[in-house]
Amino acid sequence: MTGFTLSDLDRIIAARAASDDAGSYTRKLMQKGVGKIAQKVGEEAVETAIAAVENDREGLTGEVADLLYHLLVLMRARGVSLDEVMAELDRRTAQSGLAEKAARPPE
């Protein structure tokens, strides 16, 4: 098992997003804006779902990695920190998933 964490990835994304490196994919995504980043999240989510349905373990692993990366870029572009998301997950896991869902306001 690797010691690499989402926090590590988040720090790398932060550094690359703030860099002047013209060769940085992260920097280019950030410059294209939230719309393009959100589009990439959607594409990666669909590719993740397809790999799962096709029982493609290797493909699923790669697509989940792509999805997590793009989600973290999107969060950074909108000023949502990984700590905020982790705190929300912590709050939600303090009760059963069904109880948490029932407590949500109607959509």
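Judged purely by atom type and a 3.5 angstrom limit, Thr26 has no side-chain atom pairing as donor or acceptor with the backbone of Ala17. Side chain of Asp8 to backbone of Thr5: a donor-acceptor contact under 3.5 angstrom is found. Distance alone, capped at 3.5 Å, is enough to place a donor-acceptor pair between the Arg27 side chain and the Ser19 backbone. In this structure a side-chain-to-backbone donor-acceptor pair under 3.5 Å is present from Thr93 to Asp90. Checked by atom type and distance alone, the side chain of Glu84 pairs as donor or acceptor with a backbone atom of Ser81 at under 3.5 Å.
Here the straight-line distance linking atom CD of Glu58 with atom CD of Glu63 works out to 11.0 Å at 0.5 Å rounding. To the nearest 0.5 Å, atoms OG (Ser7) and CG (Leu72) are separated by 9.0 Å. Atom-to-atom distance recorded for Leu9:CG and Tyr69:OH is 8.0 Å, nearest 0.5 angstrom. Here the CD-NZ distance, from Gln31 to Lys28, works out to 8.5 Å after rounding to the nearest 0.5 Å. Summarising the geometry, atom NE2 belonging to His70 is positioned 10.0 Å from atom CD belonging to Gln39; distances are rounded to the nearest 0.5 Å. With rounding to the nearest 0.5 Å, the separation of CZ in Arg16 from CG in Leu29 is 12.0 Å.
The pair Asp10-Arg76 counts as a salt bridge, with a side-chain nitrogen and a carboxylate oxygen less than 4.0 angstrom apart.
Note on Val73 and Val46: separate hydrophobic clusters, where clusters join Ile, Leu, Val, Met, Phe, Trp and Tyr whose side-chain heavy atoms are under 4.5 Å apart, directly or indirectly. Leu71 and Ile50 fall into different hydrophobic clusters, where Ile, Leu, Val, Met, Phe, Trp and Tyr side chains are chained together by heavy-atom contacts under 4.5 Å.
A heavy-atom distance below 4.5 Å is not found between the side chains of Ile37 and Lys40.
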**Q.** Chi angles and distances behind the side chain to side chain contact (heavy atoms under 4.5 Å, CB included) call for Met75, Val85
**A.** CA-CA 9 Å; Met75 289 164 47; Val85 173; 3.6 Å; yes

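When each of Leu60, Thr61, Leu68 is tested with Thr48 by the rule side-chain contact (heavy atoms from CB on, under 4.5 Å), just one qualifies, namely Leu60.
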